[in-house]
Amino acid sequence: MTKTSEKLALVTGASRGLGAACAEYLAQNGYNVIAIARTTGALEELDDRIQAAGGSATLVPVDLTNDDAMKQICRSIFDRWGKIDLMVHAAIHAAPLCPTAHMDAKDLQKSLTGNVTATAQLIANTEPLLKAAQGKAVFFNDRVKSERYHATYGLTKAAQMRLARSWQDEQKATQVEVHILDPRPMPTATRARFYPGEDRNKLTPTKVEAERLLSGLI
């Protein structure tokens, strides 16, 4: 293991939306960003933007639900740097909206795997790295306009938040800080699917929101 004073941030869902905006903001503020997402092309575009602004990123194109791969990645982080100073969990699976009585079993299982199981595994895999740095973990709540048609997404997002709150309470006896933040509505692709026809000019840009949410934590 190589110990380093370099500030390290692991960001999931880093290829687009709030995750990408958080990765860029952290890179601009001196963090080496470990950017995790499934889409290689979008990660490369993120890296181009970060490098153009003078920042540094390590790209990790991987599906967060692949626990064996995530274990290996976290082991590699430990061997190279020995820690993570900040973990930002922005990855989310948003199933299509539908009436509760018509939830698709495959969509429900994919949502449970992506939003609940993967989050539990992420916590287990990153906790030792965060403890090594007395670091911070960030999760994002999502307050929807209406519960109508949100059963698949809503129940798995609520379960994810329950995991985060349990971990937050458990870490009060340690020097790891767990933060659950409330983003303002942003013009993301996911929100466009949930609220088609919404006036996106009235929404908060992701870069503005990333700075607001993270500025007090770094």
Side-chain angles (χ1 to χ4, degrees), residues 1-51 53-93 113-140 160 163-164 167-168 170-171 174-181 210 213-214 217-218:
M1 178 185 71
T2 302
K3 293 185 178 181
T4 177
S5 59
E6 183 179 15
K7 295 189 298 183
L8 296 163
L10 185 150
V11 181
T12 72
S15 62
R16 63 181 183 174
L18 182 59
C22 287
E24 289 185 63
Y25 177 72
L26 292 168
Q28 290 166 9
N29 284 273
Y31 282 82
N32 178 5
V33 175
I34 302 165
I36 293 179
R38 289 178 297 178
T39 311
T40 302
L43 280 177
E44 290 173 346
E45 291 172 4
L46 170 71
D47 189 44
D48 289 342
R49 296 194 300 271
I50 287 175
Q51 288 195 41
S56 175
T58 301
L59 307 183
V60 185
V62 69
D63 188 333
L64 200 64
T65 65
N66 186 337
D67 189 41
D68 289 338
M70 286 303 301
K71 279 185 170 69
Q72 183 57 50
I73 289 162
C74 288
R75 177 68 205 192
S76 296
I77 293 170
F78 178 80
D79 290 341
R80 182 172 178 181
W81 293 294
K83 63 165 187 173
I84 291 172
D85 296 282
L86 179 65
M87 186 270 282
V88 177
H89 185 31
I92 194 70
H93 176 72
T113 301
N115 298 338
V116 184
T117 305
T119 299
Q121 293 167 342
L122 180 69
I123 289 170
N125 289 329
T126 59
E127 184 181 84
L129 293 163
L130 289 164
K131 284 185 173 180
Q134 299 176 11
K136 299 174 183 179
V138 174
F139 298 86
F140 298 114
Q160 184 191 74
L163 277 170
W167 192 39
Q168 182 183 54
E170 293 159 6
Q171 296 308 307
T174 76
Q175 291 180 303
V176 173
E177 297 180 18
V178 178
H179 299 266
I180 300 169
L181 307 180
L213 293 165
L214 298 180
L217 299 180
I218 63 175

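One-based numbering along the sequence shown.
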Practice item. Using the side chain to side chain contact (heavy atoms under 4.5 Å, CB included) rule, take Leu213 and Phe140 through it: C-alpha gap first, then chi angles, then the decisive distance, then the call. Key: CA-CA 10 Å; Leu213 293 165; Phe140 298 114; 3.8 Å; yes
Practice item. For the pair Gln72 and Asp68, evaluate side chain to side chain donor-acceptor pair (under 3.5 Å) and give the outcome as yes or no after the intermediate values. Key: CA-CA 6 Å; Gln72 183 57 50; Asp68 289 338; over 6 Å; no
Exercise for review: Could you walk me through whether Met70 and Ile36 pass side chain to side chain contact (heavy atoms under 4.5 Å, CB included), step by step?
Suggested key: CA-CA 10 Å; Met70 286 303 301; Ile36 293 179; 3.8 Å; yes
Point to revise | side chain to side chain contact (heavy atoms under 4.5 Å, CB included) between Thr58 and Trp81, intermediate numbers included | key: CA-CA 12 Å; Thr58 301; Trp81 293 294; 4.0 Å; yes
Exercise for review: Before giving the answer on side chain to side chain contact (heavy atoms under 4.5 Å, CB included), spell out for Phe139 and Val178 the whole-Å C-alpha distance, their side-chain angles and the decisive distance to 0.1 Å.
Suggested key: CA-CA 8 Å; Phe139 298 86; Val178 178; 3.8 Å; yes
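The distance from the CG atom of Asp48 to the CG atom of Leu43 is 11.0 Å, given to the nearest 0.5 Å. Note that the CD1 atom of Ile84 and the CD1 atom of Ile77 stand 4.5 Å from one another [nearest 0.5 Å]. One finds the CG atom of Leu64 at 10.5 Å from the CD1 atom of Ile92 (value rounded to the nearest 0.5 Å). Between the CD1 atom in Ile218 and the NZ atom in Lys7 there is a gap of 6.0 Å [rounded to 0.5 Å]. In this structure, Leu59 CG and Ile50 CD1 are separated by 7.5 Å, a value rounded to the nearest 0.5 Å.
Considering all non-hydrogen atoms of both residues, Leu163 and Ala120 come closest at CD1-N, 3.9 Å. Contact record, Asp47 with Ala57: OD1-CB, 3.7 Å, taken as the closest heavy-atom pair. Among all heavy-atom pairs drawn from Gly13 and Ala91, the shortest one is N-CB, 3.6 Å. Closest approach of Ala14 and Leu46 over heavy atoms only: O-CD2, 3.3 Å. Closest of all the heavy-atom pairs between Val33 and Ala27 is CG2-N, 3.7 Å.
Between the side chain of Thr12 and the backbone N or O of Ala90 there is at least one donor-acceptor pair closer than 3.5 Å. The backbone N or O of Val176 lies less than 3.5 Å from a partner atom in the side chain of Thr174, making a donor-acceptor pair. Checked by atom type and distance alone, the side chain of Asp85 never pairs as donor or acceptor with a backbone atom of Gly135 at under 3.5 Å.
No side-chain donor-acceptor contact under 3.5 Å links Gln160 and Asn115.
Put simply, the residue from Val138, Leu10, Val11, Ile34 that forms a side chain to side chain contact (heavy atoms under 4.5 Å, CB included) with Met87 is Leu10.
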Tell me which donor-acceptor pairs under 3.5 Å the side chains of residues 18-25 have, and how far apart each pair is, sequence neighbours excluded?
from, atom 1, to, atom 2, distance (Å)
Glu24, OE2, Arg49, NE, 2.9
Glu24, OE2, Arg49, NH2, 3.1

Solution key, residues 125-134 side-chain donor-acceptor pairs under 3.5 Å, sequence neighbours excluded:
from, atom 1, to, atom 2, distance (Å)
Asn125, ND2, Asp67, OD1, 3.1
Asn125, ND2, Gln121, O, 3.1
Thr126, OG1, Leu122, O, 2.8
Glu127, OE2, Trp167, NE1, 2.8
Glu127, OE2, Gln171, NE2, 3.0
Gln134, NE2, Gln175, OE1, 2.8

